[in-house]
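Numbering of ligands and ligand atoms starts at 1, following listing order.
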Amino acid sequence: MAEMNTKAMYKLSYGLFVCTAKQGEKQNGCITNTAMQVSSDPNRISVAINKANLTHDMVLETGLCNISVISQAADFSLFQRFGFQSGRDVDKFADFSPSSFKTAENGIFYVTEGTNAVFSLKVDKTVDMGSHTLFLCEPVAMEVLSDEASCTYEYYQNNIKPKPQAVGTTPSGQTVWRCTICGYEYVGEDLPDDFICPICKHPKADFEKIVK
Ligand code: FE
């Protein structure tokens, strides 16, 4: 095993979550695949959030967040709303159906539509991990929201994310790099090594080269 076959990374299993936070009057949230229980006594839940996300800064500064566990009943629009746009540009809750979220005791909204459980978390420790900050949190409230199965990252890829359109070769023969996470397309022969998807913040490794 001398090689670094990065495809091995895709064999790790993940759930998917909406992490919400509130700072001042601003309510915001993002999609993350990195929430998990890390210890049972004391009970601690970790969540790693990409520093590029506004939600990251809000959790870092307030020490509070809610984690809604996304279920298999979730619609792709949930991922678009919380994952494919930034809270710096839009109010993600402004046109969100009032029946799709509630307010927790901590004052932070949490998503109830397409989710099966929710945790209110209080940050206990933070660890700077470079691209992400790892938040080690104490759950202060938790509730089951539905009996639907949890949505794994694999389930999302196979069943919720729209299949890429068939790519035909056109006379223009443009090289396009498509983000396999969110579908964002970058046109150009070369994708810079340090390229970060402007929509979902994933790196070059998550892009596939196609020709149109
Ligand atoms: Fe992307």
Side-chain angles (χ1 to χ4, degrees), residues 4-21 28-36 47-59 65 67-72 74-96 111 114-115 129-135 150-168 170 172 174-212:
M4 282 287 280
N5 184 350
T6 55
K7 288 196 169 61
M9 297 299 291
Y10 292 109
K11 300 300 185 189
L12 293 169
S13 58
Y14 299 92
L16 284 165
F17 314 90
V18 186
C19 176
T20 47
N28 190 38
C30 68
I31 303 282
T32 174
N33 64 349
T34 53
M36 66 180 78
V47 55
I49 309 178
N50 192 307
K51 290 178 182 174
N53 291 324
L54 175 61
T55 305
H56 167 274
D57 296 357
M58 295 170 70
V59 176
C65 67
I67 296 284
S68 289
V69 181
I70 297 176
S71 78
Q72 294 183 1
D75 189 82
F76 183 60
S77 61
L78 180 69
F79 296 89
Q80 292 177 300
R81 172 177 300 278
F82 288 100
F84 294 4
Q85 54 185 355
S86 171
R88 291 191 179 84
D89 308 321
V90 297
D91 178 349
K92 297 184 183 183
F93 286 95
D95 59 345
F96 199 28
V111 176
T115 59
M129 299 300 295
S131 62
H132 292 60
T133 296
L134 179 65
F135 297 96
S150 297
C151 177
T152 62
Y153 189 63
E154 183 177 30
Y155 185 90
Y156 167 76
Q157 289 287 347
N158 294 335
N159 300 284
I160 295 180
K161 189 178 83 166
K163 294 281 179 275
Q165 297 164 341
V167 176
T170 66
S172 62
Q174 277 180 320
T175 298
V176 174
W177 296 81
R178 179 187 285 148
C179 177
T180 58
I181 307 298
C182 75
Y184 172 81
E185 293 187 348
Y186 173 94
V187 179
E189 192 57 38
D190 293 305
L191 189 66
D193 287 340
D194 61 353
F195 192 81
I196 300 290
C197 178
I199 298 182
C200 72
K201 316 300 182 196
H202 278 247
K204 180 180 181 177
D206 288 318
F207 278 75
E208 60 184 359
K209 186 176 182 177
I210 55 180
V211 176
K212 279 189 173 177

(message) Please enumerate all residues that pass ring-ring contact (aromatic ring centres under 6.0 Å, His included) together with F82, with sequence neighbours excluded.
(response) F93, F96
(message) Below 2.8 Å, which protein N, O or S atoms neighbour the Fe ion (ligand 1), ignoring water?
(response) C179 SG, C182 SG, C197 SG, C200 SG
(message) Suppose we screen for ring-ring contact (aromatic ring centres under 6.0 Å, His included). Which residues come up paired with Y14, at least two apart in sequence or across chains?
(response) none
(request) Name all residues meeting the ring-ring contact (aromatic ring centres under 6.0 Å, His included) criterion together with H56; count only those two or more places apart in sequence or in a different chain, and write none if there are none. (result) F135
(message) Between N53 and T55, do the side chains contain a donor N or O and an acceptor N or O under 3.5 Å apart?
(response) no
(message) Take a 6.0 Å sphere around CD of Q85 and say whether it holds more than 12 heavy atoms from other residues, nucleotides or ligands.
(response) yes
(request) Quickly, which of K209, E208, E185 forms a side chain to side chain contact (heavy atoms under 4.5 Å, CB included) with V176? Name it, please. (result) E185
